[in-house]
Amino acid sequence: MRRKLLAGTAAASAAAASLQTYWSVRRLQQTRPPTASVHESLPVAEGMQRVALVLNPSKLQAGVTRELVERSCSDAGWEPPLILETTVEDPGTGQALRALEAGADVVVAAGGDGTVRAVAQALAHRPAALGLLPLGTGNLLVRNLGLPYHDIAGCLRIALHGHERRIDMARITLRNDQLGTSSEHPFLVMGGVGFDASVVADAKQDLKEKFGWLAYSEAGVRHLPGRRRRISISLDGQPPQSRKVRSLLVANCGKLPAGVGFVPNAVIDDGFLDVVVLSPRSLLGWTWMAAKILLRHRGGTPVISYYRAREVTVWSGDPIATQLDGDAAGATTSMTARVDPDALMVRVPAPAPGPSGSTSVLPLPDLQRRWQRLVRRS
């Protein structure tokens, strides 16, 4: 009887907490509806291209990737690619600027999401296109653009001979009033504060090297018992609303590893950011939230809510962890994220026919075989 009473009390408390969260979610209102403007991709013009490769040399497949790019340019009858390696001091922005000065038509970022973000910062509002070779753990932008993230040769074919389209970027200002610091950064997929940022910062490097993005699941389980944090949120300059949350994410696009559509209505070129507020306070809340995301349930859920805005500002009384595209970005007491529409030209797969609007690319057979030979030899 006592166990039943305790179980009933716990369930009632969880239900009451969820109801309270639901009403607090409703207080945060939007004042302007979203307007989508999706850009079609166009095939890359035929002829000579000046190719630059910004390569993270610390990645496992860096050497064979360099050789594949060199041989592919040679086979196309083009000039040898300009190869620029990243460093700890400069993860890719300076190298991309040098590529632009050299007249590059496409700058191929070969590395993880941090390398992609650094290169994109230099290419924003410039005519050169961004190509993507996924050598990292998450490869979030690659997944969201529909590139074959498991296939370097296929991604190279797209970077050199695919289609291209413009996408939005996001720019974020992070402030820490306790330290008196302020910094500005771009991001392409998601930035966040709270639970997700703590998971990113605490993921074990050895597990990331062995299991890739699954290492974040292990860190997530360890951080589940944490408490909600009180923050204030303002959308598009409206009066701030106070909320207790576990995490807040600002998304430029919505897909996570394993094809999970975390933000189902996010569009990468609609001129808006999607704001996701997560406020579970118990195991029941986490279960409810996971079920909604994994089952793609479109109904309302008290513990997760979505908004859309061109700018979002968040304040926290105490420093709170932040992350940008899966990289830890330190602790902040306030942040402002804003969309930068049509900022970046990227190389993408050709659109596949059909109602889904999906993309489909198969690598050239000889390019694929060459990649396999290089990997076996390395």
Heavy-atom nearest pair, Val54 first then Ala96, reads CG2-N, 4.2 Å
Output for pair (Leu68 CG, Cys73 SG), nearest 0.5 Å, gives 9.5 Å
When rounded to the nearest 0.5 angstrom, what is the spacing between CG in Leu141 and CD1 in Ile167?
5.0 Å
Determine whether Met345 and Val142 fall in the same hydrophobic cluster, where Ile, Leu, Val, Met, Phe, Trp and Tyr are linked whenever their side-chain heavy atoms lie under 4.5 Å apart.
no
Contacts of type side chain to side chain donor-acceptor pair (under 3.5 Å), residue Thr313, not counting sequence neighbours
Thr336
Which heavy-atom pair separates Ala52 from Ala104 by the least distance, and what is that distance?
CB-CB, 4.0 Å
Can you find a pair of side-chain heavy atoms, one from Asn252 and one from Ile268, that are under 4.5 Å apart?
yes
Heavy-atom count around Leu179 CG within 6.0 Å, excluding the residue itself: above 12?
yes
Any donor and acceptor pair, going by atom type alone, linking the side chain of Gln323 with main-chain N or O of Gly326 inside 3.5 Å?
yes
Could you give the distance from CD (Gln49) to CH2 (Trp78), rounded to the nearest 0.5 Å?
4.0 Å
After noting the C-alpha distance and the side-chain angles of Arg171 and Val339, does the key distance pass the side-chain contact (heavy atoms from CB on, under 4.5 Å) rule?
CA-CA 6 Å; Arg171 299 187 181 276; Val339 69; over 6 Å; no
Backbone N/O of Pro319 and side chain of Ser316: donor-acceptor pair under 3.5 Å:
no
Decide yes or no for Tyr307 and Val277: does some side-chain heavy atom of the first lie under 4.5 Å from some side-chain heavy atom of the second?
yes
Sidechain-backbone polar pair: Asn176 side chain, Gly180 backbone, donor-acceptor under 3.5 Å:
no
For Ser41, does its backbone N or O pair with a side-chain atom of Arg166 as donor and acceptor, under 3.5 Å?
no
Looking at side-chain heavy atoms only, is the closest gap between Asp168 and Asp342 below 4.5 Å?
yes
Note: Glu79-Arg50 ion pair, threshold 4.0 Å (strictly below)
yes
Check for me, please, whether Val44 and Leu147 land in the same ILVMFWY cluster - side-chain distances under 4.5 Å, paths through other members count.
no
Specify the closest pair of heavy atoms between Gly138 and Arg143, including all atoms of both residues, with the distance to one decimal.
O-NE, 2.6 Å
Nearest-0.5 Å distance, CG of residue Leu133 to OG1 of residue Thr115
11.0 Å
Heavy-atom pair with the smallest gap, counting every atom of Ala110 and Thr65:
CB-CG2, 4.2 Å
To the nearest 0.5 angstrom, please state how far the CG atom of Leu123 sits from the CE atom of Met169.
9.0 Å
Scan for side chain to side chain donor-acceptor pair (under 3.5 Å) pairs involving residues 94-113, sequence neighbours excluded, and state none if there are none.
none
Going through the checks in order, is the side-chain contact (heavy atoms from CB on, under 4.5 Å) test met by Val116 and Leu132?
CA-CA 8 Å; Val116 172; Leu132 299 166; 3.7 Å; yes
Any side chain to side chain donor-acceptor pair (under 3.5 Å) involving residues 121-133? Give me the pairs, sequence neighbours left out, ordered by first then second residue.
His125-Asp340
Residue pair Leu248 / Ile233, side-chain heavy-atom distance below 4.5 Å:
yes
Connected via hydrophobic side-chain network under 4.5 Å: Leu97 and Val346
yes
For a quick test of reading the model, state the closest non-hydrogen atom pair linking Asn139 to Gly112 and the distance between them.
OD1-CA, 4.5 Å
Can you check whether Val119's main-chain N or O pairs, donor with acceptor, with Thr93's side chain at less than 3.5 Å?
no
Name the atoms and distances for all side-chain donor-acceptor pairs under 3.5 Å in residues 181-195, with sequence neighbours left out.
{"residue": "Ser183", "atom": "OG", "partner": "His185", "partner atom": "NE2", "Å": "2.9"}

Side chains of Val51 and Leu160, heavy atoms from C-beta outward: is any pair under 4.5 Å?
yes
Distance-only, no hydrogens or angles: does the Arg229 side chain make a donor-acceptor pair with backbone N or O of Arg243 under 3.5 Å?
no
Validation row: Pro127, Leu100 side chains within 4.5 angstrom (heavy atoms):
no
Let me check something: do Ile158 and Tyr149 share a hydrophobic cluster, defined by ILVMFWY side-chain heavy atoms less than 4.5 Å apart, either directly or through other members?
yes
Would you check if Val263 and Tyr306 make a side-chain contact, meaning some heavy-atom pair closer than 4.5 Å?
yes
Do Leu249 and Val275 make a side-chain contact, defined as non-hydrogen atoms from C-beta onward lying under 4.5 Å apart?
no
Consider side-chain contact (heavy atoms from CB on, under 4.5 Å). Of Thr173, Val250, Ile172, Asp236, which one does Arg338 pass it with?
Thr173
I'd like to know if Arg308 and Asp274 make a salt bridge, using a cut-off of under 4.0 Å between side-chain N and carboxylate O.
yes
The criterion is salt bridge (Lys or Arg N to Asp or Glu O under 4.0 Å); which residues satisfy it with Glu70, sequence neighbours excluded?
none
Can you give me the closest heavy-atom contact between Ala99 and Leu84, atom names plus distance?
N-CD1, 4.1 Å
Given the rule that I, L, V, M, F, W and Y join up when any side-chain heavy atoms are under 4.5 Å apart, are Leu82 and Leu130 in one cluster?
no
Verify the distance criterion only: is there a donor paired with an acceptor across the side chains of Arg230 and Ser242 at less than 3.5 Å?
yes
Hey, are Glu85 and Arg66 close enough for a salt bridge, meaning a charged N less than 4.0 Å from a carboxylate O?
yes
Between Thr333 (side chain only) and Asp177 (backbone N and O only), is there a donor and an acceptor less than 3.5 Å apart?
yes
CZ-OG distance between Arg157 and Ser72, expressed to the nearest 0.5 angstrom
12.0 Å
List for me each residue that meets salt bridge (Lys or Arg N to Asp or Glu O under 4.0 Å) alongside Arg347, sequence neighbours excluded, and say none if there are none.
Glu164
Are the charged groups of Arg165 and Asp269 less than 4.0 angstrom apart, N to O?
yes
